[in-house]
Amino acid sequence: MGVMFKVYCLSVMTLVAATYTVVLRYTRTVSSTAMYFSTTAVCITEVIKLFLSLGMLTKETGSFGRLKASIVEHVFWSPKELLKLSVPSVVYAVQNNMAFVALSNLDAAVYQVTYQLKIPCTALCMVLMLNRSLSRLQWFSVFMLCLGVTLVQWKPAEATKVQVEQNPFLGFMAIAVAVLCSGFAGVYFEKVLKSSDTSLWVRNIQMYLSGIVVTLAGVYMTEGAQVVEKGFFYGYTPWVCFVVFLASVGGLYTSVVVKYTDNIMKGFSAAAAIVLSTVASVTLFGLQITATFACGAMLVCVSIYLYGLPKQDTTKLPRADTDKEARQKLITV
C-alpha cells in the first residue's frame, strides 16, 4: 500500500479513538440535557454493527442468493458456532458498558492513557491462549507501560469544568475490568477466526446477534423500570447519536484498515490519540496537567512504540555464516 493510504488509515484510527472518548466524556459530564441510559447506547451499537456486517458480507458474496445461503449455513444451522461466539459477545458487552462508567468518573485523557493497559493484558492472553512468545524488548515495554499508568493514576489530573460528582477509584476499577475484557475477548476472537476459514463478516454477524440479545437483557436487568417509564431513547441528543456512530463504525473500520498497517503505525495512532485527548480535555473540560500525568503519559507513548517494533529475525544469521565458510573452503581448495 502507498504511503498516503497508510497516512489516511493512521489519521482515521487516531481521530476515531480520540473523538470517541472526548465526546462520550462530554455527554456524561458536561451536557446539560437529561442523562441517557448508557446500556441502550451499547445495545444500539450492536444493532448497527450487525447491519454494517451484513452489508459487508453482501459485498463479499456478490449476490443476495449467496448471502442468504451463507447466513442460513452459518447462523440458522450452526447453533454451536453461535454459542461459541456468545462468549466474546458477553465479554465485549461488559467492556463497552465499563467504558461509560469509566468516562463518567475519569477525564478522557486519563482514560486514554490508562486504557493502554489492554496491551499487557492482551500480551498475557496471547502467551497463555495462543502459545506465543514475547521478546525481551516487548516485556520491557510492558513494564514501562505499567509504570507510566501508575504515574498517571498516582495523582489523577483534575478537570474544572465537569458538572457532576465523580469517583476516580470507581473509574479506575471500570477501566481495569474493561482492559481484562478487551484482552481476553480479542485473543479469543482471534483464536476462533484462525480455527476455520469462515469469513470475518460471518463471524461478526454471529457475534453481534449474540451481542444484541446480551445487551438487550442487560438493559432490562439494570435499568428496565426506568426504560419502560421514560422510553428506550430517553435523553438522546445529536451528541449521543454521534457517540453511538463512532462506537459502531469505528470498531469495524479499525478492524479493516489494520490489515494495511503495522504495529508501529498502530502505536503511533494510540500515542497521537493520547495527545489529542489531552489537548481536547484541557480545552473543553479544563483539565489541569500535573507533572506525574505528563511523565506517565510520555512513558506510555514510548512503551507503545517499543512494543510495536518488529522482532529481529536472527534465523538467517547462522546460515549466512555457514555459506561464507563454505565459500572460503572452496577458495582454499
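Numbers here simply count residues along the sequence, with the first being 1.
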Determine yes or no for a side-chain-to-main-chain donor-acceptor pair under 3.5 angstrom, with Ser303 supplying the side chain and Met144 the backbone.
no
Indicate yes or no: at least one non-hydrogen side-chain atom of Leu85 is less than 4.5 angstrom from one of Phe189.
yes
Can we call the ring centroids of Phe233 and Tyr236 under 6.0 Å apart?
yes
Going by distance alone, is a donor N or O of one side chain under 3.5 Å from an acceptor N or O of the other, for Arg25 and Ser104?
no
Examine distances only and state if a side-chain atom of Ser78 and a backbone atom of Glu81 form a donor-acceptor pair shorter than 3.5 Å.
no
Is there side-chain contact between Tyr307 and Ile119, with at least one heavy-atom pair below 4.5 Å?
yes
Any side chain to side chain donor-acceptor pair (under 3.5 Å) involving residues 109-126? Give me the pairs, sequence neighbours left out, ordered by first then second residue.
Thr21-Gln112, Gln95-Tyr115, Gln112-Ser277, Thr114-Gln153
Looking just at side-chain N and O atoms, do Glu223 and Thr39 make a donor-acceptor pair shorter than 3.5 Å?
yes
Geometric class of the Tyr188/Phe184 ring pair [parallel <30°, tilted 30-60°, perpendicular >60°]:
tilted
Quick one about Thr27 and Tyr36 (side-chain donor to acceptor, distance below 3.5 Å, no hydrogens or angles considered), yes or no?
yes
To check you understand the geometry: which heavy-atom pair defines the closest contact between Val113 and Val149, and what is its length?
O-CG2, 3.8 Å
I'd like to check the salt bridge (Lys or Arg N to Asp or Glu O under 4.0 Å) partners of Glu190; sequence neighbours left out, ordered by chain and number.
Arg132, Lys194
